[in-house]
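Everything on this sheet refers to the single structure shown next.
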Amino acid sequence: MAGGLRFAGSSWRSWRGKWPLLFLLVALSFVRWTKGAGFVDLYSLLIRPFWPGSAQREWIQTGIQVEQQARLILLEQDNQRLRDMLSLNGGSNSGLISAAVISRKSSGWWQQLDLGQGLLAGVEEGDAVIGPGGLLGVIDSVTPTTARVRLLTAPGSRIGVWIARTKTHGILLGTGTNRPQLRFLDKAPDLQPGDLVSTSPASTLMPPNLPIGVIQTLDSKALPLPTGRVQLLASPEAIDWVQVQKL
Amino acid sequence: MGSGSETLKEKNRRKIFFLATALLVPLVSLLSPSWLTISGVGPCWAVLWLLPWAIEEGPMSGFIAALCLSLILDGLVLNGPSYFPALTPLGWWFGRLGLKAPPIERSFNLGLLAVIGTAFSGSILWLQQLLFEQNTFNLLFNSWALHTFLAELIITGLLAPFLCSVMILLKRGSVFSIDRRF
């Protein structure tokens, strides 16, 4: 009995000096259990001044962009090969002509752009004009050194469009406002706001698959056929250079 | 006699100079400076030039000038509506007003005439849009046309008192003696 007490007393005394060790073990167990909480956070805080700078981030982003561009070129080549096999209009970038916007009337009775390239550069009536974002309009008239573009928003502008998600055809009508009207050819097109509108992949009048805009509103009760409004992707008010794409 | 021929020469010189300023109309129409627009709609430059010219030169000169201007301006815009039916009656009417005494030279009168002229020209262009775009007849009665009509009216009305007054003084050769006149 006395021996047992002695044992217990000596045991207590022997562990009394070792509580820091126990605390450390508990703390490390906590680190292990939480997969490094606190420890990694402290490490992160300490090395924050040595984190990779913005230059390295840009370098990585540039690398990603180069990779994506390379993938895009390969996919376009593949697409072109398949289109050639199907005898469809080409969608390659080989026929692009860069042109400066020398006059701009994006509001008013006429909605047009005048470009600083014309017949001499190979621009022809009916060519598509593309800006950052997508299709802006169609070449309406050409002089030797200039070309006039009828914007998609201009009254009288009419182009056939394609909604890829539902494989639906429609006609985009310019009505003077910033948002042209979309007229569908089907009674129940099953579309929803946010659907991408592009040129038809099988079009013979326009280069295929050019993005145009997204459907903003739909009026499914309109007669005789449903209509919608399209928010254009390219903004003619803010573009100084465009590209003319030949068929 | 010598003094009379000198005056005639001076008049002709001013007339040619005034006529040369007509070249500015297509130029500024193409340039379309954004700081002289209301929501992207610029003034009716043709009316701003035609008004002082027709007032000073009479109805026939006004009509011919309007015809020439409309031919140039129609060449600078998309096919469809034309300036011809909008400007030629204006040129004639402004010229008729200019024949009547007393001469129109007050800024308010010039501004008011420019507003009336722009309203007429805008209405004719709007009507032509409706006639040419039959498929979108209903669509054209929307906010866009009204917005264009009103914006053009306001900016032209704001610029006309200053620009037309200066051009009339220029035509009369008294542009450098404004301070003496007032």
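Remember, predicted model here, so these are calculated numbers, not experimental data. Below, chain A is the first sequence line, B the second, and so on; all start at residue 1.
Contacts between residues 66-77 of chain B and chain A, defined by a heavy-atom separation under 4.5 Å, are made by B/Gly75, B/Leu76, B/Val77. Contact annotation for residues 38-48 of chain B against chain A (heavy-atom separation below 4.5 Å, listed by residue number): B/Ser39, B/Gly40, B/Val41.
For A/Gln111, the parts lying near chain B are the backbone and the side chain together; criterion is any non-hydrogen pair under 4.5 Å. A/Arg150 touches chain B through backbone and side chain together, each having a heavy atom under 4.5 Å away.
The nearest pair of heavy atoms linking A/Asp114 to B/Leu30 is OD2-CD2, 3.8 Å. Among all heavy-atom pairs drawn from A/Gly108 and B/Thr148, the shortest one is CA-CG2, 3.5 Å. For the residue pair B/Leu78 and A/Val149, the shortest heavy atom distance occurs at CD2-O, 4.2 Å.
Taking a 6.0 Å sphere around CZ of B/Arg96, one finds it holds 12 or fewer heavy atoms contributed by other residues, nucleotides or ligands.
Rounded to the nearest 0.5 angstrom, B/Trp144 CH2 and A/Asn178 CG are separated by 12.0 Å. In this structure, OG in B/Ser29 is found 6.0 Å from NZ in A/Lys105, a value given to the nearest 0.5 Å. Rounded to the nearest 0.5 Å, atoms CD1 (A/Ile102) and CG (B/Leu31) are 10.5 Å apart.
Using the six-membered ring where Trp is involved, A/Trp109 and B/Trp126 have ring planes that are tilted, between 30° and 60° apart.
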